Amino acid sequence: MKAVVVNGYGPPEQFVVADIPVPRPGPGQIQVRISAAALNPTDIRLAGGAFHAQAPLAFPYVPGNDFAGTVTEVGPGVTAFQVGDEIFGEAVPRALRAIASPTRPSLGTGSLAEYAVFEADTPLIAHRPPAVSAEDAAALATAGLTALSLAGVARLKPDETVLVVGASGGVGMAVVPLVAAAGARVIATGATADADVLRDLGADEVIGYDEAGYPGGVDAAFNLVLPGDRLAGLARAIRSGGRLLTITYPAPSQESIGRDDVDLRYVLDLDATYGGMREVGELAADGRLPATIGGRHTLDQGVQACVDFVREHTTGKIVVTM
């Protein structure tokens, strides 16, 4: 099969599209013919060696967490899926097993490929609703799951003000409509070119990236892009007793933000406590969780897709189709 292949730690310009053996499912696993995959920052950072001490990779390595596709083979013990099922979801690389759910892990062989193998018994994989295209489903996997987690942890109330930093990315484009639907006022950071899209998704105000322009006294702030150890400026925008939710590595400490009167939460919900892929699919199917795709590539262009992801500004998700 063809796949985007990483043969050693390095930037995405060193990735290649190559032929490698088709992975086969073991007990409790499914093989999937991938229709579409979407890129996430961890795909590139892991292959670049950012976590080599904590999660060393075995090469050749195929990146990619998010996918939509068709089940082509089921391993012994699988009952939730059968051959021919259209599914979608998120599966982290096996090298990141330590952060996956200890009881129902969602691990995979890499979705930037014609075929991949995933654990079947996990809430992070679900049947794809017919109303949701494969491209949209792939784009919403991690983004939608993370948006549900942020909204669930924040417990937003009507008329609260929420500052979303990094709103023009995949997670941001998913979380803005959920925050708006909760009745909160959304202030989103984004490029000027993204302002109309963000307003259409429910943002009340779009501001620039400079923290000097952050408003004061917001009830909650969602950090989607800033390094986890550089959140002091964002913390200053939050009222006493407010909430700061972040999804970026490293997980921040209370001391690092310089505020002991702000509820700080690092959000990573691989147990689907606040909703899994089934819930993402339901929200997408009824229009409450739209997919925003800013770039489309074929698998033959998979390396360029990875390069564009880190070198170019993209609104929403980059999707690779097989």
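This structure is a prediction, so every number in the text was calculated from the model and none was measured. Only heavy atoms go into these numbers, but all of them, side chains included; no hydrogens, no water, no symmetry mates.
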Trainee: Taking S111 for its side chain and D66 for its backbone only, find out whether a donor-acceptor pair lies under 3.5 Å.
Mentor: yes

Trainee: One pair to check against side-chain contact (heavy atoms from CB on, under 4.5 Å): L244 and R259. What are the steps and the verdict?
Mentor: CA-CA 10 Å; L244 172 53; R259 295 282 302 271; over 6 Å; no

Trainee: For the atom pair CD1 (I99) and CD (Q54), what is the distance rounded to the nearest 0.5 Å?
Mentor: 11.0 Å

Trainee: Quick check: is I207 connected to V225 through a chain of hydrophobic side chains (ILVMFWY, heavy atoms under 4.5 Å apart)?
Mentor: yes

Trainee: If two hydrophobic side chains count as joined below 4.5 Å and joins carry through other members, does Y115 share a cluster with V117?
Mentor: no

Trainee: Sequence neighbours excluded, which residues qualify as salt bridge (Lys or Arg N to Asp or Glu O under 4.0 Å) partners of D271?
Mentor: none

Trainee: For V62 versus A3, what's the shortest heavy-atom pair and its separation?
Mentor: CG2-CB, 4.1 Å

Trainee: Please check if atom CZ in R265 has more than 12 non-hydrogen atoms from other residues, nucleotides or ligands closer than 6.0 Å.
Mentor: no

Trainee: Go through the side-chain N and O atoms of T248 and N223 and say whether any donor and acceptor fall under 3.5 Å apart.
Mentor: yes

Trainee: Which value, rounded to the nearest 0.5 Å, describes the distance between T146 atom OG1 and L140 atom CG?
Mentor: 11.0 Å

Trainee: Answer yes if V132 and V320 sit in the same cluster of Ile, Leu, Val, Met, Phe, Trp and Tyr residues linked by side chain heavy atoms under 4.5 Å apart, and no otherwise.
Mentor: no

Trainee: Does a sphere of radius 6.0 Å around CZ in R239 hold more than 12 heavy atoms from other residues, nucleotides or ligands, not counting ones at 6.0 Å or beyond?
Mentor: yes

Trainee: About how many Å separate CZ of R94 and CG of L107, when rounded to the nearest 0.5 Å?
Mentor: 7.0 Å

Trainee: Give the C-alpha distance, both sets of side-chain angles, the deciding distance and a yes or no for side-chain contact (heavy atoms from CB on, under 4.5 Å) between L57 and Y9.
Mentor: CA-CA 9 Å; L57 299 181; Y9 293 120; 3.8 Å; yes

Trainee: Determine, stepwise, if the pair S149 / V267 fulfils side-chain contact (heavy atoms from CB on, under 4.5 Å).
Mentor: CA-CA 7 Å; S149 302; V267 179; 3.6 Å; yes

Trainee: Is the side chain of D43 donor-acceptor paired with the backbone N or O of P63 at a distance under 3.5 Å, no angle test?
Mentor: no

Trainee: Can you list everything that forms a salt bridge (Lys or Arg N to Asp or Glu O under 4.0 Å) with E114? Sequence neighbours excluded, please.
Mentor: none

Trainee: Starting from V280, can I reach L224 by hopping between I/L/V/M/F/W/Y residues whose side chains sit under 4.5 Å apart?
Mentor: no

Trainee: Mind checking the CG-OG spacing from L264 to S253? Nearest 0.5 Å is all I need.
Mentor: 8.0 Å

Trainee: Kindly compute the distance separating CD (Q254) from CG (D263), expressed to the nearest 0.5 Å.
Mentor: 7.5 Å

Trainee: Name all residues meeting the side chain to side chain contact (heavy atoms under 4.5 Å, CB included) criterion together with D85; count only those two or more places apart in sequence or in a different chain, and write none if there are none.
Mentor: V71, F81, Q82, I87, H127

Trainee: Does the distance from a Lys or Arg side-chain N to an Asp or Glu carboxylate O, for E160 and R243, drop under 4.0 Å?
Mentor: yes

Trainee: Has D261 got more than 12 heavy atoms of other residues, nucleotides or ligands less than 6.0 Å from its CG?
Mentor: yes

Trainee: Could you list who else is in V319's hydrophobic cluster, with ILVMFWY side chains joined at under 4.5 Å, directly or through other members?
Mentor: I293

Trainee: Return yes when atom NE2 of H52 has more than 12 non-hydrogen atoms of other residues, nucleotides or ligands closer than 6.0 Å, and no otherwise.
Mentor: no

Trainee: Using the side-chain contact (heavy atoms from CB on, under 4.5 Å) rule, take Y61 and L46 through it: C-alpha gap first, then chi angles, then the decisive distance, then the call.
Mentor: CA-CA 10 Å; Y61 167 75; L46 194 64; 3.3 Å; yes

Trainee: Find the distance between CD (E282) and CZ (R288) and round it off to the nearest 0.5 Å.
Mentor: 8.0 Å

Trainee: Shortest non-hydrogen contact from I318 to H297?
Mentor: CG2-CD2, 3.9 Å

Trainee: Measure across T122 and S106 and return the closest heavy-atom pair with its distance rounded to 0.1 Å.
Mentor: OG1-CB, 3.3 Å

Trainee: Would you mind writing out the side-chain donor-acceptor pairs for residues 162-190 within the sub-3.5 Å range, not counting sequence neighbours?
Mentor:
unit_1	atom_1	unit_2	atom_2	d
S168	OG	D194	OD2	3.4
R185	NH2	E205	OE1	3.1
T189	OG1	G166	N	2.8

Trainee: Counting only heavy atoms from other residues, nucleotides and ligands, does the tally under 6.0 Å from CG of D286 exceed 12?
Mentor: yes

Trainee: Look at the side-chain heavy atoms of Ile, Leu, Val, Met, Phe, Trp and Tyr, link any pair under 4.5 Å apart, and say whether L39 and L145 land in one connected group.
Mentor: yes

Trainee: Please name all residues satisfying side chain to side chain contact (heavy atoms under 4.5 Å, CB included) with A151, sequence neighbours left out, ordered by chain then number.
Mentor: none

